[in-house]
Protein chains: 2
Amino acid sequence: MPNFALTEAVYYILLSLMQPLHGYGIMQNVEQLSNGRVRLAAGTLYGAINTLLEKGWITALPGSTDSRKKEYLITDIGKQMVQAELIRLQELITNGNRIMEVHNQ
Amino acid sequence: MPNFALTEAVYYILLSLMQPLHGYGIMQNVEQLSNGRVRLAAGTLYGAINTLLEKGWITALPGSTDSRKKEYLITDIGKQMVQAELIRLQELITNGNRIMEVHNQ
DNA sequence: AACCGTTATATCGGTAGCCGATATAATATA
DNA sequence: TATATTATATCGGCTACCGATATAACGGTT
């Protein structure tokens with residue numbers, strides 16, 4: 001019941017896949033998207049891609065020109081997960097601000 | 001460089017300890033604080049308390065009336081971590097909203 | 001064609017955090 | 001005194017992340 005929190009890595013991977021991208025492109029996009037703060041390790045990225053495929057939150061697109069590249073895209077379910085995460089994040093901030101103000105300075 | 005993200009459990013534990021509380025009180029407070037969404041398992045709670053003590057983000061208060069209860073309180077460092085987390089969370093939301101709007105419907 | 005740096009995917013072992021179960025004990029209540 | 005609740009602690013298992021390493025394809029240069 002509690003645990004539908006997304007990790008930062010998964011969150012940014014899903015955001016990146018609002019456009020079609022291959023793994024390495026996700027890596028670069030996440031770093032840019034987060035103003036250089038979040039750098040995905042290779043193990044994190046390709047591990048997460050596999051679990052997200054299994055969950056059906058992202059899907060693999062058919063072949064590209066470059067035989068190395070495998071492109072992915074977020075699914076409708078994946079988008080719903082991002083929306084739910086945005087709500088959860090907003091709750092964290094609201095609760096955090098409230099508590100910090102009550103016991104303030 | 002990337003990883004100063006707090007887990008949801010640690011975040012709510014730190015918020016709870018803006019007031020003096022013992023472990024079990026934290027459990028109840030976190031559940032209430034999160035509108036019943038986050039329920040800490042015992043292993044999570046007492047494990048997190050130990051790592052937070054080691055990091056100096058919380059401190060143990062001297063004895064209470066009830067010989068069972070051990071009370072804790074957030075430290076200045078802990079408060080700084082919560083403030084940093086609030087900024088990180090706000091960035092996640094800002095980035096998320098921007099991306100979701102750009103590729104909108 | 002041969003070389004080389006970059007791009008790209010994949011796997012592995014280690015570590016940390018969360019969970020649920022279990023154990024144990026002190027306190028409060030009936 | 002018996003029982004339920006409160007309270008802390010530990011354990012094994014699972015998942016996620018990390019950094020290192022391996023492998024290969026592509027692009028550009030000579």
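Proteins get letters first, then strands, A, B, ... in listed order; numbering begins at 1 in each.
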Does any part of the side chain of [Y], heavy atoms only, come nearer than 4.5 Å to the side chain of [X], both counted from C-beta?
| X | Y | value |
| --- | --- | --- |
| B:Gln90 | B:Thr94 | yes |
| B:Glu8 | A:Arg88 | yes |
| A:Thr75 | A:Lys79 | no |

For [X] and [N], give me the distance from atom [atom1] to atom [atom2], rounded to whole Å.
| X | N | atom1 | atom2 | answer |
| --- | --- | --- | --- | --- |
| A:Leu40 | D:dG19 | CG | P | 11 Å |
| B:Glu8 | C:dA16 | CD | P | 22 Å |
| B:Leu21 | D:dT6 | CG | P | 15 Å |
| A:Phe4 | D:dA16 | CZ | P | 17 Å |

- Contact under 4.0 Å: A:Thr51 side-chain N or O vs D:dT15 OP1/OP2: no

Would you give me the side-chain donor-acceptor pairs under 3.5 Å for residues 40-63 of chain A, sequence neighbours excluded?
{"residue": "A:Asn50", "atom": "ND2", "partner": "A:Tyr46", "partner atom": "O", "Å": "3.4"}
{"residue": "A:Thr51", "atom": "OG1", "partner": "A:Ala48", "partner atom": "O", "Å": "2.9"}

- Query: Mind checking what makes side chain to side chain donor-acceptor pair (under 3.5 Å) contact with A:Gln19, not counting sequence neighbours?
  - Reply: none

- Message: For a quick check, with a 4.0 angstrom heavy-atom cut-off, what is the B/S/- contact string for nucleotides 7-12 of chain C, read 5' to 3'?
- Response: BBBBB-

- Apply the test side-chain hydrogen bond (donor to acceptor under 3.5 Å, both in side chains) to residues B:Asn29 and B:Tyr12: give CA-CA distance (whole Å), side-chain angles for both, the deciding distance (0.1 Å), then the verdict. CA-CA 9 Å; B:Asn29 193 66; B:Tyr12 274 117; over 6 Å; no

- Note on the structure: Checking C:dC18, D:dC17, C:dC19 against the side chain of B:Ala41 (C-beta onward), the nearest is C:dC19

